[in-house]
Enquirer: 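My structure is below; once you've seen it, I'll send some questions.
All ligand and atom numbering here is 1-based and tracks the order in the structure. Count residues from 1 along the sequence.
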Amino acid sequence: MKQAIGIFDSGLGGLTVMKEIHQRHPEYDYIYLGDNARAPYGPRDFETVYQYTLEAVQWLFNRGCPLVILACNTASAKALRTIQQKDLPGIDPIKRVLGVIRPTTEVIGDYTETKHIGILGTQGTVDSGSYVIEVGKAFPDVHVHQQACPDWVPLVESGDYLDFTVADPIIRDCLIKLLDQSDDIDTVLLACTHYPLLYPRIRAMLPPDITVVSQGEIVADSLSAYLLRHPEMETRLSKGGSLEFCTTGDPETFKHAAGAFWGEGVDVVQKVELL
Ligand code: DGL
């Protein structure tokens, strides 16, 4: 039976990725799952992020999804490889779980002329070293400078990012710390799916000659290429054009906040339990 694509994030940030994927491929069915009750994942240890992510993936598999995208850098950094290598063969060897880090690192080197890029991410993503390792494989001549922004996900999830008097000092502090690491950075990657909501402020604060890159379009392009390379997966995806939004948190809160991430209002949100 053909089924929906599952998209997972710790909270609302993955909607910025799903938006780009849906724009390219409105024909597929999608189920979005946000683990809002347990967000943020950024400060959590490896084992916890892995357990939570595995529960979410299992839930989406149980809903029938043959393909799950971890639209979360922290989960991609801390859980994806173990799920792909250890869990998937035992759960269902023909289902697939994809992340957002590999697609991004495969192209990010093309954006920089100075060969110095800055990565802004959660504490968990930065500590994992995943970007340093993966960019090093794809673009060995590119220097990676990382800055953790532990307050940015709570800023976005709470909606406080809309108050510039609150948000600007928090954003500026991390940008200064990143740029202090090198004068040569010409490309800054928003390596957290929540950060595109901060893009206008980040863009305004950074010098105009620095390129600011969000992941949504990159991940959407990568998925299109993946489905072309894997017709056996593509033919397992249902094409009803439906959207389902699910959260472990409060559906009303999700509904009110989701519009800013998704680009338009979200009418129906289901409450789900992962345990
Ligand atoms: N959107 C997630 C990411 O891309 C945020 C993680 C968190 O919950 O801290 O990393």
Side-chain angles (χ1 to χ4, degrees), residues 6-21 32-57 68-81 83 97-105 108 118-132 134 146-161 170-171 174 188-199 202 212-220 222-223 245-250 253-254 257-258 260-262 274:
I7 301 196
F8 168 70
D9 180 43
S10 61
L12 294 155
L15 291 171
T16 62
V17 173
M18 181 157 121
K19 183 172 87 179
E20 300 295 339
I21 293 174
Y32 184 87
L33 174 60
D35 191 9
N36 298 73
R38 302 188 293 196
Y41 279 14
R44 297 189 187 276
D45 61 38
F46 259 88
E47 185 57 28
T48 307
V49 172
Y50 160 64
Q51 281 301 338
Y52 287 179
T53 305
L54 181 59
E55 287 167 17
V57 168
V68 171
I69 295 161
L70 303 183
C72 174
N73 288 269
T74 312
S76 298
K78 293 189 165 188
L80 178 62
R81 182 175 301 188
I83 291 174
V97 183
L98 304 176
V100 290
I101 295 180
R102 180 66 72 83
T104 307
T105 56
I108 194 66
I119 304 282
L120 297 166
T122 67
Q123 195 68 55
T125 297
V126 167
D127 290 349
S128 75
S130 297
Y131 273 96
V132 177
E134 295 297 330
Q146 302 194 95
Q147 180 59 46
C149 314
D151 297 324
W152 287 16
V153 169
L155 193 65
V156 171
E157 286 273 325
S158 66
D160 287 347
Y161 73 99
I170 295 171
I171 297 170
C174 292
V188 169
L189 171 67
L190 307 185
C192 170
T193 56
H194 283 70
Y195 297 175
L197 275 85
L198 305 177
Y199 179 91
I202 294 169
V212 182
V213 181
S214 296
Q215 290 176 296
E217 290 186 25
I218 293 172
V219 175
S222 171
L223 179 64
F245 298 94
C246 305
T247 178
T248 59
D250 174 38
T253 308
F254 186 105
F261 295 78
W262 179 241
L274 292 186

Enquirer: Which residues pass the salt bridge (Lys or Arg N to Asp or Glu O under 4.0 Å) test with Glu20, sequence neighbours left out?
Expert: none
Enquirer: Could you pull out every protein residue that has a heavy atom closer than 4.0 Å to ligand 1, ordered by chain and then number?
Expert: Asp9, Ser10, Pro40, Tyr41, Gly42, Cys72, Asn73, Thr74, Thr122, Val153, Cys192, Thr193, His194
Enquirer: Among all residues two or more places apart in sequence or in another chain, which pass the salt bridge (Lys or Arg N to Asp or Glu O under 4.0 Å) test with Glu217?
Expert: none
Enquirer: Angle between ring planes, Phe254 versus Phe245, binned at 30° and 60°: parallel, tilted or perpendicular?
Expert: tilted
Enquirer: Name the orientation class of the two ring planes belonging to His194 and Phe261 (parallel below 30°, tilted from 30 to 60°, perpendicular beyond 60°).
Expert: perpendicular
Enquirer: Using 30° and 60° as the class limits, which term best fits the ring planes of Tyr41 and Tyr52: parallel, tilted or perpendicular?
Expert: tilted
Enquirer: In chain order, what residues pass the salt bridge (Lys or Arg N to Asp or Glu O under 4.0 Å) check against Arg38, with sequence neighbours excluded?
Expert: Asp35, Glu55
